[in-house]
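Computation of the quantities below employed the complete heavy-atom set of this structure, encompassing side-chain atoms and omitting hydrogens, waters and symmetry-equivalent molecules. Bear in mind the structure is a predicted one, so any value in this text is a computation, not a measurement. Whatever order the structure lists them in is the order used to number ligands and atoms, beginning at 1.
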Amino acid sequence: MTRLSVNVNKIAVLRNSRGGGDPDVVRAAQACLDAGAHGITVHPRPDARHIRASDVQALAQLTAERGVEFNIEGNPFAPPRDGYPGLLALCEQTRPAQVTLVPDGDAQLTSDHGFDFARERDALIPLVAAFRGLGCRVSLFANAGADIESARAAGADRIELYTGPWAEAFEAGTPDAALPAFVSTARGARAAGLGVNAGHDLSQANLAAFLVALGDVDEVSIGHALIGEALYDGLEPTVRRYLAILEEAAAHF
Ligand SMILES: CC(=O)[C@@H](O)[C@H](O)COP(=O)(O)O
Ligand SMILES: NCC(=O)COP(=O)(O)O
């Protein structure tokens with residue numbers, strides 16, 4: 001079955017809007033794990049607009065105590081600055097099970113593309129090796145249609161398919177137009193020996209059709225929609241609904 005890693009960035013957005021410690025990112029992560037989530041994801045940004053280095057430390061401790069996976073996402077090329085030690089240093093301090101490298105810039109509202117592997121492969125090779133040297137599985141954020149052979153040559157263990165275009169196509173009522181590129185990229189990654197994760201704008205509405213079409217997805221990381229849906233239904237019931245979707249999708253195979 002595909003595993004669910006809940007991204008708690010949005011809890012930190014709410015907390016930071018007022019200063020102080022509420023809502024508590026660790027307590028929210030605990031609730032997700034109590035409901036059965038398989039892991040926790042964070043994507044700290046260098047401008048510390050939501051998840052802070054101290055959150056990363058606290059969540060590393062929680063996930064270690066609970067024996068579940070911690071996934072840290074970020075741009076490995078972004079230099080350290082006040083309040084952000086850099087992705088490699090964060091991983092050195094906290095040793096997450098997985099690091100997901102994402103080529104996002106400060107000016108981006110959110111992640112909106114994967115790596116151009118053919119162009120960035122040589123720069124990625126030593127970085128991927130450094131993260132793997134810390135004991136982290138390395139996943140590389142990838143567009144549908146990405147050059148999988150170059151991702152493999154960069155040393156990746158997995159790719160994470162950037163699913164923003166899937167969510168947009170689903171919303172527009174044209175899901176079938178978007179799916180073939182995802183299906184063939186996932187298939188190519190598997191054939192190259194890479195694992196396949198997926199994330200960005202996945203939701204209760206669009207998740208099942210994606211998983212059923214792709215078949216073999218190791219992990220989805222979901223934050224924005226899940227935290228939004230939890231406003232209506234509660235965090236634990238919402239996580240359980242996602243788990244039910246994952247179970248139902250797995251029953252197709
Ligand atoms: C890589 C990815 O798709 C997510 O991590 C997304 O970037 C979440 O980050 P924000 O919560 O800052 O939008
Ligand atoms: N890697 C994707 C992720 O962690 C969550 O993305 P989103 O659900 O907040 O769009």
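Counting heavy atoms from C-beta on, the side chains of Asp106 and Arg81 come closer than 4.5 Å. Glu219 places a side-chain heavy atom less than 4.5 Å from the side chain of Glu69. Residues Tyr232 and Thr238 form no side-chain contact, since every pair of their non-hydrogen atoms from C-beta on lies 4.5 Å or further apart. In this structure, the side chains of Asp116 and Asp147 stay at 4.5 Å or more apart for every pair of heavy atoms.
Listed by atom number, the atoms of ligand 1 under 4.0 Å from His50 heavy atoms are 10 (P), 11 (O), 12 (O). Within ligand 2, the atoms closer than 4.0 Å to a non-hydrogen atom of Thr41 are 4 (O), numbered from 1 in the order shown. Atom numbering of ligand 2 starts at 1 in the shown order; those under 4.0 Å from a heavy atom of Asp201 are 7 (P), 8 (O), 10 (O). Within ligand 2, the atoms closer than 4.0 Å to a non-hydrogen atom of Ile222 are 8 (O), numbered from 1 in the order shown. Taking every heavy atom of Gly223 and a limit of under 4.0 angstrom, the matching atoms of ligand 2 come to 5 (C), 7 (P), 8 (O), 9 (O). Residue contact check: His224 has heavy atoms under 4.0 Å from atoms 7 (P), 8 (O), 9 (O) of ligand 2.
Nearest non-hydrogen protein atom to atom 13 (O) of ligand 1 is Thr110 OG1, 2.5 Å. In terms of protein heavy-atom proximity, atom 4 (O) of ligand 2 is closest to Asn7 ND2, 2.8 Å. Here the protein heavy atom with the shortest distance to atom 2 (C) of ligand 2 is Ser221 OG, 3.1 Å. Here the protein heavy atom with the shortest distance to atom 7 (O) of ligand 1 is Ser111 OG, 2.4 Å. Closest to atom 5 (O) of ligand 1 among all protein heavy atoms lies Glu73 OE1, 2.2 Å.
Neither the backbone nor the side chain of Thr100 has any atom closer than 4.0 Å to an atom of ligand 1 (non-hydrogen atoms only). Of the heavy atoms in Tyr162, none comes closer than 4.0 Å to ligand 1.
Between Glu160 and ligand 1, no N or O atom pair is found at a separation short of 3.5 Å. Among the atoms of Ala225, none of the N or O lies under 3.5 angstrom from an N or O of ligand 2.
Here Arg66 pairs with Asp34 in a salt bridge; the nearest charged N to carboxylate O distance falls below 4.0 Å. Ionic pairing of Arg190 and Asp218 is present here: one or more N-O contacts between side-chain nitrogen and carboxylate oxygen are shorter than 4.0 angstrom.
The only member of Phe170, Phe210, Tyr162 that meets ring pair (Phe, Tyr, Trp, His ring centres under 6.0 Å) when paired with Phe182 is Phe210.
Between the choices Asn9, Leu202, Ile51, the shortest heavy-atom distance to atom 8 (C) of ligand 1 belongs to Asn9. By heavy-atom distance, the residue among Gln108, Arg45, His43, His200 lying nearest atom 10 (P) of ligand 1 is Arg45. Comparing Lys10, His200, His43, Glu160 by heavy-atom distance to atom 1 (N) of ligand 2, the nearest is Glu160.
Of the possible polar contacts, none joining the Asn143 side chain to the Gly145 backbone as a donor-acceptor pair under 3.5 Å is found. Within the 3.5 Å criterion, the main-chain N or O of Gly105 finds a donor-acceptor partner in the side chain of Gln108. Panel note: side chain Trp166, backbone Asn206; a donor-acceptor pair is recorded below 3.5 Å. Under the 3.5 Å distance criterion, the side-chain polar atoms of Glu171 are left unmatched by any main-chain donor or acceptor of Ala167.
Residue-environment remark: CZ (Arg49) exceeds the threshold of 12 foreign heavy atoms within 6.0 Å.
The shortest separation from a heavy atom of Glu73 to ligand 2 is under 4.0 Å, placing the residue in contact.
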